[in-house]
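The basis for the numbers below is simple: all heavy atoms, side chains too, and nothing from hydrogens, waters or symmetry mates. Computed from a prediction, not measured in an experiment: that's the story for all the values here.
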Amino acid sequence: MNLDFSAIIPSIPYILKGIGVTLQIAIGASLIGFIVGILLALCKIGKVKMLRWLADFYTSIFRGTPLVLQLLIIYYAVPQLLDIQIQPIPTAIIAFGLNSGAYISEIIRAGINAVDKGQMEAAQALGIPYSKMMKDIIIPQAVKNILPSLVNEFITLNKETAVVTVISALDIMRRAYIVGGSTYRYLEPLLFAGVIYYIMTLVLTFLGKRIEKGMRKSD
């Protein structure tokens, strides 16, 4: 196997700068996804049929179509329809956030349904308003139960951000591809990018376990 990493050594700092872009997209999308996910989950468990239908329809659309298609539609269609310019990173954050919200909504809905129904019945018996009950009693318990799933979603999202190379966002993967084009050696920078993603996954997994362990001790 003819591997020569010496050719990409000068470009390693350039590739490493993509870590910040990748994390920026992943964190921004996770925040949007969590907010959207909570709203969708509340609609799905609510009593308003129209809201339940809209939430289910939203989820089916974003889970039933490729993420790269959603990314390209937002990047190319929004400027065309609204006559505005949109940069790659905001586009990626919005696209990944909306997509992640569909998956997180199912996670949160399952977590809410897993909370002991006696909690809700007791809150209703005490006359606690529905919104306050969900905010202060049900959702905090649900989040503790689904924390591992939320961490896994964030880790998956961090890896999926590599798709943004199709809209030329300068993340890890795009930078590795650029280095490959300039050195005429694609395998080495791509392998290096793979190592970066792997290390990031290990670190995020470790942090997720630490957070989960901390929350268990606080119970």
Cluster overlap [X] with [Y], hydrophobic side-chain contacts below 4.5 Å:
X: Val36; Y: Leu39; answer: no
X: Ile19; Y: Tyr198; answer: no
X: Ile94; Y: Val163; answer: yes
X: Trp53; Y: Ile61; answer: yes
X: Ile27; Y: Val203; answer: no

For [Y], is there any backbone N or O sitting under 3.5 Å from a side-chain donor or acceptor partner on [X]?
X: Ser100; Y: Gly97; result: no
X: Ser60; Y: Phe57; result: yes
X: Gln141; Y: Ile137; result: yes
X: Tyr103; Y: Gly33; result: no
X: Arg174; Y: Ser168; result: no
X: Arg52; Y: Gly46; result: yes
X: Asn152; Y: Pro148; result: yes

For [X] versus [Y], what's the shortest heavy-atom pair and its separation?
X: Gly37; Y: Ile104; answer: CA-CG2, 4.2 Å
X: Val115; Y: Ala142; answer: CG2-N, 3.9 Å
X: Ser6; Y: Pro10; answer: O-CD, 3.8 Å
X: Arg185; Y: Asp4; answer: NH2-N, 3.6 Å
X: Met173; Y: Leu190; answer: SD-CD2, 3.8 Å
X: Ala7; Y: Thr183; answer: O-CG2, 3.9 Å

- request: Look at atom OH of Tyr186 and say whether more than 12 heavy atoms of other residues, nucleotides or ligands are closer to it than 6.0 Å.
  value: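 Counting other residues, nucleotides and ligands, OH of Tyr186 exceeds 12 neighbours.
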- request: For atom OH of Tyr177, decide whether the heavy atoms of other residues, nucleotides or ligands shown that lie under 6.0 angstrom number more than 12.
  value: no
Any chance you could measure [X], atom [atom1], to [Y], atom [atom2], to the nearest 0.5 Å?
X: Tyr197; Y: Met200; atom1: OH; atom2: CE; answer: 7.5 Å
X: Ser11; Y: Phe192; atom1: OG; atom2: CZ; answer: 10.0 Å
X: Thr22; Y: Asp171; atom1: OG1; atom2: CG; answer: 4.5 Å
X: Arg109; Y: Thr59; atom1: CZ; atom2: OG1; answer: 9.0 Å
X: Asn113; Y: Asn145; atom1: CG; atom2: CG; answer: 11.5 Å
X: Phe154; Y: Asn158; atom1: CZ; atom2: CG; answer: 5.5 Å

Qualifying residue for side-chain contact (heavy atoms from CB on, under 4.5 Å) with Ile112, from Ile38, Ile45, Ile146: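 Looking at Ile38, Ile45, Ile146, the match for Ile112 under the side-chain contact (heavy atoms from CB on, under 4.5 Å) is Ile45.
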field: Passing option when Ile199 is tested against Val195, Ile196, Thr201 for side-chain contact (heavy atoms from CB on, under 4.5 Å)
entry: Val195
Enumerate donor-acceptor pairs with a distance under 3.5 Å from any side-chain N or O in residues 69-84 to protein atoms, sequence neighbours excluded.
| unit_1 | atom_1 | unit_2 | atom_2 | d |
| --- | --- | --- | --- | --- |
| Gln70 | OE1 | Asn99 | ND2 | 2.9 |
| Gln70 | NE2 | Phe62 | O | 3.0 |
| Gln70 | NE2 | Thr65 | O | 3.1 |
| Gln70 | NE2 | Thr65 | OG1 | 2.8 |

- request: Could you walk me through whether Leu170 and Ile89 pass side chain to side chain contact (heavy atoms under 4.5 Å, CB included), step by step?
  value: CA-CA 9 Å; Leu170 292 174; Ile89 292 179; over 6 Å; no
query: Given Ser30 and Leu157, is the side chain to side chain contact (heavy atoms under 4.5 Å, CB included) satisfied, shown in steps?
result: CA-CA 8 Å; Ser30 294; Leu157 184 61; 3.3 Å; yes
field: side-chain contact (heavy atoms from CB on, under 4.5 Å) against Gln87, all qualifying residues, sequence neighbours excluded
entry: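 side-chain contact (heavy atoms from CB on, under 4.5 Å) list for Gln87, sorted by chain: Pro90.
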field: Partner residues of Tyr184 under the side-chain contact (heavy atoms from CB on, under 4.5 Å) criterion, sequence neighbours left out
entry: none
task: Would you please test Phe96 and Ile32 for side chain to side chain contact (heavy atoms under 4.5 Å, CB included) and show each step?
output: CA-CA 9 Å; Phe96 282 101; Ile32 293 176; over 6 Å; no
query: Does a side-chain heavy-atom distance below 4.5 Å link Phe34 with Val143?
result: yes
Side-chain heavy-atom pair Ile15, Pro189 within 4.5 angstrom cut-off: yes
- request: Dump the intermediate steps for side-chain hydrogen bond (donor to acceptor under 3.5 Å, both in side chains) on Ser105 and Lys44, then the final yes or no.
  value: CA-CA 9 Å; Ser105 70; Lys44 290 177 181 180; 2.9 Å; yes
